[in-house]
Amino acid sequence: MYNHKQIEKKWQKIWEEHPELYRADDKSKSEKKYILDMFPYPSGDGLHTGHVESYTATDIISRYSRMKGFNVLHPQGWDAFGLPAENYAIKTKIHPAITTKKAIANFKEQMKMMGFSYDWPREVNSSDSDYYKWTQWFFLLLYKNGLAYKKKGKVNWCDSCKTVLANEQAENGICERCKNPVEQKDLEQWFFKITDFIEDNEQTSGLLSGLDKVDWPESTKMAQRNWIGKSEGTTIKFSIFNFQFSNKFKNSNVQNYIEVFTTRVDTIFGCTYVVVAPEYKLIQELKDQVKNWLEVENYIEKAKKKTDLQRMETKEKTGVKLEGIEAVNPFNNETIPVFVADYVLGHYGTGAVMAVPAHDERDYEFAKKYDLPVKEAVAPYLKDNPRQDKNTEKRNVVTAIVKNPKNNNYLCLDWKTTEWKSFPAGGIEKDDLITAAKREIEEETGYKNIKFIKQIGDSVFAEFYRPHKDSNVYAHFKYLLFELENEEMAEVSQKEKNQHEVVWIEENKVDFFINVWNQKLIWKKYRQGGFAYCEDGILINSAEYNGLTSEQARQQLIEWLEKEKIGQKKTNYKLRDWLVSRQRYWGAPIPIIYCDVCGEVPVSEKNLPVELPTDVDFMPTGESPLVNSKKFQNVKCPKCGLSAKREADTMDTFVCSSWYYLRYSDPKNKKEFASKKKLEKWLPVDLYVGGAEHTVLHLLYARFFTKVLHNLGYIDFDEPFIKLRHQGIILAEDGRKMSKSFGNVVNPDDVVKQYGADALRLFEMFMGPLEDAKQWNTKGIIGVVRFLERVYKLISRISHESKINKLESNGNELNILLHKTIKKVGKDIEALKFNTAISALMILLNEMEKQPCKPQTANCKFFLKLLAPFAPYLAEELWSQLGNKESIFKQSWPEYDSELIREKKVILVVQINGKVRDKIEVDADISEKEAKEVILFQKKIQEWLQKKEIKKMVFVPGKLINIVIK
RNA sequence: GCGGAUGUGGCGGAAUUGGCAGACGCGCAGCGUUCAGAACGCUGUGGACAAAAGUCCAUGAGAGUUCAAAUCUCUUCAUCCGCACCA
């Protein structure tokens with residue numbers, strides 16, 4: 001009987017004694033493959049099912065690649081510094097070094113239990129001084145190259161964690177760790193200049209364009225691009241009316257303009273006011289001119305007090321007009337009012353915007369509230385609409401036929417005049433109306449095949465485009481119902497309304513209703529009176545720029561601005577520099593010393609590491625805990641020798657995890673973070689697998705580090721992870737997230753105890769594609785358990801029964817299937833499609849069991865090799881039962897015989913009008929002519945073809961033939 | 001709101017250069033084995049009609065392109081994820 005406990009225990013021990021099985025060979029000449037898991041944070045809870053999923057995936061690929069002859073680097077380590085460990089320590093009053101050590105031991109134990117083939121001698125631990133020495137070294141490297149700097153400014157402060165946070169860790173104004181709202185504090189902090197690497201430089205591809213050359217999930221690339229938030233636009237100076245550009249002020253220190261940033265200069269003629277953020281410095285300068293200064297000051301004070309969260313909570317736009325101040329639109333010299341409002345962000349762009357209520361929803365809302373004019377400047381232009389499809393020209397007419405339920409009259413929309421005609425009940429049929437309308441339209445326009453695209457109950461609708469009355473702009477109407485005269489609208493059930501987004505329009509407003517792909521939004525705004533279309537179009541009401549497309553207009557407008565020196569092209573980014581200081585204990589100390597005389601002095605490289613003291617009270621106070629250690633803090637200045645103080649903040653843990661993948665190539669190196677030779681040998685990472693929660697933070701930071709090192713000549717690649725995949729989340733059986741509070745956590749230990757590690761590995765891989773979210777199903781595991789048991793039964797039978805294999809002869813068909821499976825499993829592993837690889841193995845096993853005679857040992861050996869990456873324990877055990885002395889993982893992956901698996905005979909599918917009517921076996925390479933002859937003699941086909949005229953026959957070699965009949 | 005992804009039997013999921021929809025597994029049903037159960041083995045298993053052969057319907061919904069659509073295009077709905085007053 002298959003005893004997983006015994007087998008797994010046995011091989012765990014043997015593998016432990018032979019670490020060379022999984023060793024990455026620094027000297028080997030074979031092609032390298034670096035397969036990496038995101039190193040885990042060792043929590044006290046141990047491995048969870050998600051870890052098992054991604055680690056099994058990389059383990060399968062590692063084992064497979066080794067058998068394929070690659071020199072595989074598959075290491076593991078510990079992201080040991082960080083807030084969770086420290087918070088746990090605070091709670092339990094046990095030092096984080098102790099709890100972390102314990103957790104690591106537990107993790108390692110569990111990983112060995114799962115049979116993961118890590119190269120343990122390369123293990124790294126980010127909280128070891130051997131490791132963080134180099135984290136500090138990187139800090140100094142950045143510092144020396146002007147990429148680490150200290151700056152006072154508004155930073156995110158979490159009062160619960162008592163530390164500052166990076167923007168990335170304080171999304172939506174909430175602390176990523178403890179979910180408390182984040183405050184803004186003015187503090188002096190260390191930053192890394194990540195913004196220097198957004199765009200390409202001479203040596204290195206930027207964070208943006210680098211994404212184009214890596215094989216990553218599209219969603220992850222998008223998230224990064226989004227986070228970087230590049231937008232190209234222009235700045236424009238709006239002179240202040242009271243300070244109109246004049247020689248008098250040219251040399252004055254007072255700024256006499258408001259500079260705004262916009263991506264839509266083309267809408268400038270629709271600009272009816274200007275808004276500045278409360279933080280906008282110029283306001284203070286204008287103090288004397290603003291008549292309602294008290295009110296303005298009051299508003300600014302209030303806005304400053306709000307946290308980001310509060311700002312977002314109140315969706316209603318508020319603001320105050322700066323009385324006595326007016327700005328001038330440089331294009332038409334109109335004077336427009338200036339507001340201060342907190343819907344404009346101080347830290348983005350120039351902190352001021354030109355407001356175009358007709359084309360910007362936020363401006364529109366504000367304009368409505370404060371009763372400001374709405375002026376359109378852009379009308380939609382059909383030709384420029386990227387979503388226009390190739391049939392648009394044929395469909396530029398609409399009509400609607402609607403039944404009035406009260407009197408059963410039909411209303412027919414005259415497509416030319418958009419007037420409604422009423423047809424009395426019974427006098428005419430709906431179908432006749434449709435036909436008549438179609439004919440009329442066809443005759444008038446010359447367009448054939450007018451199609452009515454929608455029918456709801458008795459109402460019929462079509463699409464059309466017709467010229468706007470003031471311009472050549474085409475409007476697109478869709479699913480329209482017109483309300484007219486006293487005829488009541490045809491009744492459309494609520495459900496249908498929801499389904500089809502029926503838009504109700506009054507006839508006399510039709511001409512205002514220009515365009516629209518998203519008519520719901522636009523129409524609502526029209527009802528309120530003025531908001532229009534926001535995408536690119538053609539300019540209207542824009543003086544000499546009328547008629548230009550947005551694209552052309554932007555170009556010309558910017559040219560003019562640059563010529564007049566009142567504006568220029570500009571690119572803005574949302575990404576800001578990376579704030580790395582943390583007022584916490586459990587992290588790598590920042591290697592800087594402050595001297596009263598020399599100021600900021602970096603610790604010299606030879607004095608690294610700056611050891612984290614162990615005798616510190618780590619309870620958070622808001623001040624860095626390291627301040628408490630006099631021994632740590634009081635030092636001599638490296639420059640002048642006078643007494644000085646160490647920086648007491650530690651580094652963000654993401655700094656530690658930004659370079660760990662480099663260290664694995666040379667983990668014991670005392671002189672460098674890794675030798676150039678070894679970096680060249682092993683990096684970049686060929687496959688990186690880990691959770692999707694790291695799409696922005698870790699992956700962006702790691703890329704930044706790589707780019708810095710590349711730029712400074714340390715490494716020869718500028719993207720660290722060539723191929724990246726995320727494992728999908730495994731949900732609990734109840735469909736919710738696994739969580740201690742729900743009590744629905746599946747513990748891998750329990751599953752292994754009951755079914756074995758092989759079963760758990762196999763099951764998690766069989767559940768579905770690696771990247772999909774999956775729901776745990778306890779019943780499902782029985783399927784793979786049965787599979788393993790049947791494998792054991794089948795193969796152990798050979799070794800236990802007689803050794804006479806002479807008479808055994810498995811059919812050629814089985815042999816073909818075996819070779820097909822070799823091909824399929826290999827291909828699937830490479831494509832990370834483990835679920836279908838396993839199913840191929842199941843199919844092969846089913847066939848082997850069906851054979852009348854005992855399976856051939858040779859076939860079993862093939863089978864075991866294919867199974868080995870998935871279920872290493874069972875495969876190794878049966879392999880040795882077959883009398884093999886050397887580990888199965890030292891064997892090479894079987895080759896398939898491509899001649900053998902070439903199909904000689906195929907089932908040709910015979911379709912008639914696209915429906916399968918017959919299948920016949922023919923030679924794989926049958927010619928079209930032969931095939932046609934053969935199938936026409938088939939009885940079934942003849943029956944189908946009786947007296948019918950064959951219009952056409954389509955032949956797909958080796959697959960199918962489709963007969964088209966009348 | 002913007003961006004991304006997904007939608008196929010009772011369930012997990014196969015099939016993506018357009019070419020037999022539902023591989024493999026779970027579950028369920030019947031039979032065998034058994035004193036009985038468990039386990040195991042065999043058979044069946046998308047829906048409708050039919051004794052059967054078979055026919056028709058079916059990949060969230062609606063249209064389109066095509067000899068042929070789960071797959072391509074458009075529209076629409078739902079769910080999940082990311083970003084979100086970024087001008």
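Since this is a predicted model, take the numbers as computed values, not measurements.
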Peer 1: Establish, for the pair K317(A) and Y343(A), whether the NZ or CZ atom is under 6.0 angstrom from the six-membered ring centre and no further than 45 degrees off its axis.
Peer 2: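 Here K317(A) passes the 6.0 Å and 45° test against Y343(A).
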Peer 1: Starting at atom NZ of K779(A), determine the distance to atom C1' of C24(B), rounded to an integer number of angstrom.
Peer 2: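 For the pair K779(A) NZ and C24(B) C1', the rounded distance is 19 Å.
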Peer 1: Between E733(A) and T778(A), does the side-chain hydrogen bond (donor to acceptor under 3.5 Å, both in side chains) criterion hold? Intermediate values first, please.
Peer 2: CA-CA 8 Å; E733(A) 195 139 19; T778(A) 306; 2.7 Å; yes
Peer 1: If you measure from the P atom in A15(B) to the same atom in G7(B), how many Å do you get, rounded?
Peer 2: 12 Å
Peer 1: Would you classify D363(A) as touching base, sugar-phosphate or nothing, given that sugar-phosphate means primed atoms plus P, OP1 and OP2, and contacts are heavy atoms under 4.0 Å?
Peer 2: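 Touches nothing.
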Peer 1: If you look at every strand shown and take non-hydrogen atoms under 4.0 Å, does P217(A) touch a base, only sugar-phosphate, or nothing?
Peer 2: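 It contacts nothing in the nucleic acid.
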Peer 1: Can you give me the N/O atom pairs linking the protein to nucleotides 38-42 of chain B at distances under 3.5 Å, or say none if there are none?
Peer 2:
{"unit_1": "C40(B)", "atom_1": "OP1", "unit_2": "R786(A)", "atom_2": "NE", "d": "3.1"}

Peer 1: Atom CZ of R917(A) to atom C1' of C67(B): distance rounded to whole Å?
Peer 2: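 Roughly 14 Å, once rounded to whole Å.
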Peer 1: Sticking with atom C1', work out how far U66(B) lies from U71(B), rounded to a whole angstrom.
Peer 2: 13 Å
Peer 1: Using a strict 4.0 Å threshold on nitrogen-to-oxygen distance, state whether E771(A) and R725(A) make a salt bridge.
Peer 2: yes
Peer 1: G82(B) P sits how many Å from L700(A) CG, rounded?
Peer 2: 17 Å
Peer 1: Report the nucleotide, chosen from G82(B), C24(B), G19(B), that has the shortest atom-to-atom distance to any side-chain atom of N226(A).
Peer 2: G82(B)
Peer 1: Would you mind classifying the nucleic acid contact of A773(A) as base, sugar-phosphate or nothing, using non-hydrogen atoms under 4.0 angstrom?
Peer 2: sugar-phosphate
Peer 1: How long is the line joining CG of D918(A) and P of G54(B), in whole Å?
Peer 2: 10 Å
Peer 1: Rounded to whole angstroms, how far apart are CG on L960(A) and P on U66(B)?
Peer 2: 18 Å
Peer 1: Considering only side-chain heavy atoms of Y343(A), which listed nucleotide, C24(B), C85(B), C20(B), is closest?
Peer 2: C85(B)
Peer 1: Say we look at U43(B) and A48(B): how far apart would their C1' atoms be, to the nearest angstrom?
Peer 2: 24 Å
Peer 1: Between T836(A) and C24(B), does any side-chain N or O lie under 4.0 Å from OP1 or OP2?
Peer 2: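 Answer no for this pair, as no side-chain N or O of T836(A) is under 4.0 Å from OP1 or OP2.
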Peer 1: For V954(A), which contact category applies under a 4.0 Å heavy-atom criterion: base, sugar-phosphate, or nothing?
Peer 2: base
Peer 1: For I963(A) and C67(B), give me the distance from atom CD1 to atom C1', rounded to whole Å.
Peer 2: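 Interatomic distance, CD1 of I963(A) to C1' of C67(B): 11 Å.
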Peer 1: Round to a whole Å and report the spacing from CZ of F787(A) to P of G25(B).
Peer 2: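 Between P of G25(B) and CZ of F787(A): 10 Å.
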Peer 1: Could you write out RNA chain B as dot-bracket? Rules: Watson-Crick or G-U wobble, both distances under 3.5 Å, brackets [ ] for crossings, | for pairs with another strand, dot for unpaired.
Peer 2: (((((((..(((......[....)))((((((.......))))))((((....))))..(((((..]....))))))))))))....
Peer 1: In terms of side-chain heavy atoms of T263(A), which of A14(B), A87(B), A23(B) is nearest?
Peer 2: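 Taking heavy atoms from C-beta onward, the closest nucleotide is A87(B).
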Peer 1: What residue among L841(A), V825(A), D758(A) forms side-chain contact (heavy atoms from CB on, under 4.5 Å) with L867(A)?
Peer 2: L841(A)
Peer 1: With the side chain of A223(A) defined as its heavy atoms from C-beta on, choose the nearest nucleotide among G25(B), G82(B), G19(B).
Peer 2: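 In terms of side-chain proximity for A223(A), the closest of G25(B), G82(B), G19(B) is G82(B).
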Peer 1: Here's a test of your reading of the structure: between S231(A) and E218(A), which maps to the more 5' nucleotide of RNA chain B?
Peer 2: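 First, find each residue's nearest nucleotide; the 5'-ward one identifies E218(A).
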Peer 1: Would you measure the distance from the C1' atom in G46(B) across to the matching atom in A39(B) and give it in whole Å?
Peer 2: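 Their C1' atoms lie roughly 30 Å apart.
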Peer 1: Sticking with atom P, work out how far C2(B) lies from U76(B), rounded to a whole angstrom.
Peer 2: 11 Å
Peer 1: In whole Å, measure the gap between the P atoms of G30(B) and U79(B) for me.
Peer 2: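 Straight-line distance between the two P atoms is 39 Å.
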Peer 1: Looking at the side chain of F766(A), which of C67(B), G82(B), G25(B) is the nearest nucleotide?
Peer 2: G25(B)
Peer 1: Among C24(B), G4(B), C57(B), which nucleotide sits nearest the side chain of N846(A)?
Peer 2: C24(B)
Peer 1: Does the side chain of T195(A) come under 3.5 Å of the side chain of D577(A) through a donor N or O and an acceptor N or O?
Peer 2: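 Judged by distance alone, the side chains do pair up.
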Peer 1: Can you say whether a donor on the side chain of Q775(A) sits under 3.5 Å from an acceptor on the base of G12(B), or the other way round?
Peer 2: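 It does not, because no donor-acceptor pair links the side chain of Q775(A) to the base of G12(B) below 3.5 Å.
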Peer 1: With the side chain of V964(A) defined as its heavy atoms from C-beta on, choose the nearest nucleotide among C67(B), A87(B), A15(B).
Peer 2: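 Per side-chain heavy atoms of V964(A), the pick is C67(B).
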Peer 1: Take atom P in U6(B) and the same atom in C24(B), then report the distance between them in whole Å.
Peer 2: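 So the two P atoms sit 26 Å from each other.
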Peer 1: Which value, in whole Å, describes the distance between the P atoms of nucleotides G64(B) and U59(B)?
Peer 2: 15 Å
Peer 1: Measuring from the side chain of N962(A) (C-beta onward, heavy atoms only), which nucleotide among G13(B), C67(B), G4(B) has the closest atom?
Peer 2: C67(B)
Peer 1: What nucleotide, of A15(B), G13(B), A87(B), holds the atom closest to the side chain of K833(A)?
Peer 2: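 From the listed options, A15(B) comes nearest.
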Peer 1: Do the side-chain N and O atoms of T318(A) and Y299(A) include a donor-acceptor pair separated by under 3.5 angstrom?
Peer 2: yes
Peer 1: Round to the nearest Å and state the distance from L762(A) atom CG to G12(B) atom P.
Peer 2: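 Interatomic distance, CG of L762(A) to P of G12(B): 20 Å.
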Peer 1: As a test of reading the structure: which of C20(B), A87(B), G19(B) is closest to the side chain of K919(A), going by heavy atoms?
Peer 2: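 Within the option list, the nearest is C20(B).
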